[in-house]
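The structure appears right after this line, and notes come after that.
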Amino acid sequence: MLLLPLSVLILLAQPPRSLGAEVKTYSQRAAASTCTLVMCSPVENGLPGRDGRDGREGPRGEKGDPGRAGTPGPAGPVGPKGDNGSAGEPGPKGDSGPSGEQLGMECSCLQLFPNGRAVGEKIFKTGGFEKTFEDAQQVCMQAGGQMASPRSAAENEALQQLATAQNKAAFLSMTDIKTEGKFTYPTGEPLVYSNWAPGEPNDNGGSEDCVEIFTNGKWNDKNCREQRLVVCEF
Ligand code: MAN
Ligand code: CA
Ligand code: CA
C-alpha cells in the first residue's frame with residue numbers, strides 16, 4: 001500500500017503548528033492502534049478518494065506487413081520493413097484510492113497522536129507541560145479552547161489516556177471556588193458527571209478548590225497553586 005506513506009509525506013510537508021494542531025510523524029502501526037483505541041471518528045465530508053492510477057501500457061502492436069515485392073526482372077532488393085502496428089488497447093484501470101473517509105481518518109488520527117484524543121465532538125489536547133490552574137486557564141484560552149471538562153465516562157477515559165501517556169495528573173476546568181463544596185464548570189453549571197476517588201473531594205487543609213485527574217482516571221480536589229498537566233478541550 002502506497003497510500004499511507006503518501007499521506008505521511010503530505011503531513012510532513014506541513015510546517016509545525018501551535019497547540020491546537022501540532023503535527024508529528026509516527027509509524028503506521030502506532031497511528032492505527034491509536035485510532036482503534038480511541039475510535040477516532042472519521043472527519044465529516046472527508047476528501048474525495050484519489051483517482052486510480054492509470055493502467056499499464058498496452059502490449060506492443062503486431063509486426064507490420066513485409067514490404068512490397070520488387071518489380072519483376074532481375075531479382076530486386078528486399079522491400080523496406082512495414083510500419084509498426086498500432087498501439088495496443090490501454091491496460092485495465094488502476095485500483096481505486098482510499099475513500100475520503102479513510103484519508104480523513106488517517107490524517108486526523110496522525111495529527112492527534114499522541115497528545116490529542118477525539119471523543120464525540122470534542123478534542124482533548126495536552127501541551128505536555130505542567131502549570132498552575134490559572135496559568136493553565138490562560139494557555140487554553142490563548143489556544144482558543146478551555147481546560148478539560150470531562151462530561152461523561154467516555155470523555156474521562158480519553159483524558160485518562162493523555163494523563164497516562166504523559167505519566168502526569170492533569171488539572172480539570174472545574175472548581176468550587178465560588179461556593180465551597182459545590183464544584184461547577186467555568187460557566188457556573190454544576191457537574192453532570194464526576195469520578196471522585198474514594199473520600200474525595202475533601203478540601204484538604206481547607207484549601208483545595210481545583211480538581212486533578214490521576215492517571216487511573218479518578219479525581220481529587222487539589223490546591224489550585226499546585227502545578228499539573230495542562231490539557232485543553234476544543
Ligand atoms: C492526600 C488526600 C487528598 C489531598 C492530598 C493533598 O492525598 O488528603 O485528598 O488532596 O493529600 O496533597
Ligand atoms: Ca474546596
Ligand atoms: Ca483532596
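All heavy atoms count here, side chains included; hydrogens, waters and symmetry mates do not. Every number for a ligand or one of its atoms is a count from 1 in the order of the listing.
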Open item on the list: As an exercise, identify every atom of ligand 1 less than 4.0 angstrom from a heavy atom of Asn202.
Closed with: 2 (C), 3 (C), 8 (O), 9 (O)

Task: Arg228 with Glu130: basic N within carboxylate O range, under 4.0 Å - done: no

TODO: Please indicate, with yes or no, if any protein heavy atom is found under 4.0 Å from atom 9 (O) of ligand 1?
DONE: yes

TODO: Mind reading off the angle at the Ca ion (ligand 3) between the OD1 atom of Asn202 and the OE1 atom of Glu200, rounded to 10°?
DONE: 70°

- [ ] Taking Ser152 for its side chain and Glu155 for its backbone only, find out whether a donor-acceptor pair lies under 3.5 Å.
- [x] yes

TODO: Give a yes/no answer: is there an N/O/S atom of Asn220 under 3.0 Å from the Ca ion (ligand 3)?
DONE: yes

TODO: Kindly give the cluster partners of Ile177, where membership spreads through any ILVMFWY side chain lying under 4.5 Å from a current member.
DONE: none

Task: Asp221 to ligand 1, any heavy atom closer than 4.0 Å - done: yes

Open item on the list: Against Gln166, only a single residue in Asn115, Thr126, Thr215 fulfils side chain to side chain donor-acceptor pair (under 3.5 Å); can you say which?
Closed with: Asn115

Task: CD/Gln142: more than 12 non-hydrogen atoms of other groups inside 6.0 Å - done: no

Open item on the list: Side-chain heavy atoms under 4.5 Å apart, restricted to Ile/Leu/Val/Met/Phe/Trp/Tyr: what other residues fall into the cluster of Phe214, or is it alone?
Closed with: none

Open item on the list: With heavy-atom distances below 4.0 Å as the criterion, list the atoms of ligand 1 near Glu208.
Closed with: 4 (C), 5 (C), 6 (C), 10 (O)

TODO: If you have a sec, work out which protein heavy atom is nearest atom 1 (C) of ligand 1 and how many Å separate them, to one decimal?
DONE: Asn204 ND2, 4.5 Å

- [ ] Output, by chain and residue number, all protein N/O/S atoms separated from the Ca ion (ligand 2) by less than 3.0 Å.
- [x] Asp176 OD1, Asp176 OD2, Glu180 OE1, Glu180 OE2, Asp203 OD1, Glu208 O, Asp209 OD1

- [ ] Check for a donor-acceptor pair, side chain of Asn156 on one end and backbone N or O of Gly217 on the other, with a separation under 3.5 Å.
- [x] yes

TODO: For residues Trp219 and Phe183, establish whether the separation of their ring centroids is below 6.0 Å.
DONE: no

- [ ] Show which atoms of ligand 1 fall inside a sub-4.0 Å distance from at least one heavy-atom site of Glu200.
- [x] 2 (C), 3 (C), 9 (O)

Task: Shortest protein contact, atom 12 (O) of ligand 1 (heavy atom only) - done: Lys222 NZ, 2.7 Å

- [ ] Measure from NZ or CZ of Lys131 to the centre of the six-membered ring of Phe133, then state whether that distance is under 6.0 Å and the direction lies within 45° of the axis.
- [x] no

TODO: Check side-chain contact (heavy atoms from CB on, under 4.5 Å) between Thr187 and all other residues, then give those that pass, not counting sequence neighbours.
DONE: Tyr185, Glu189

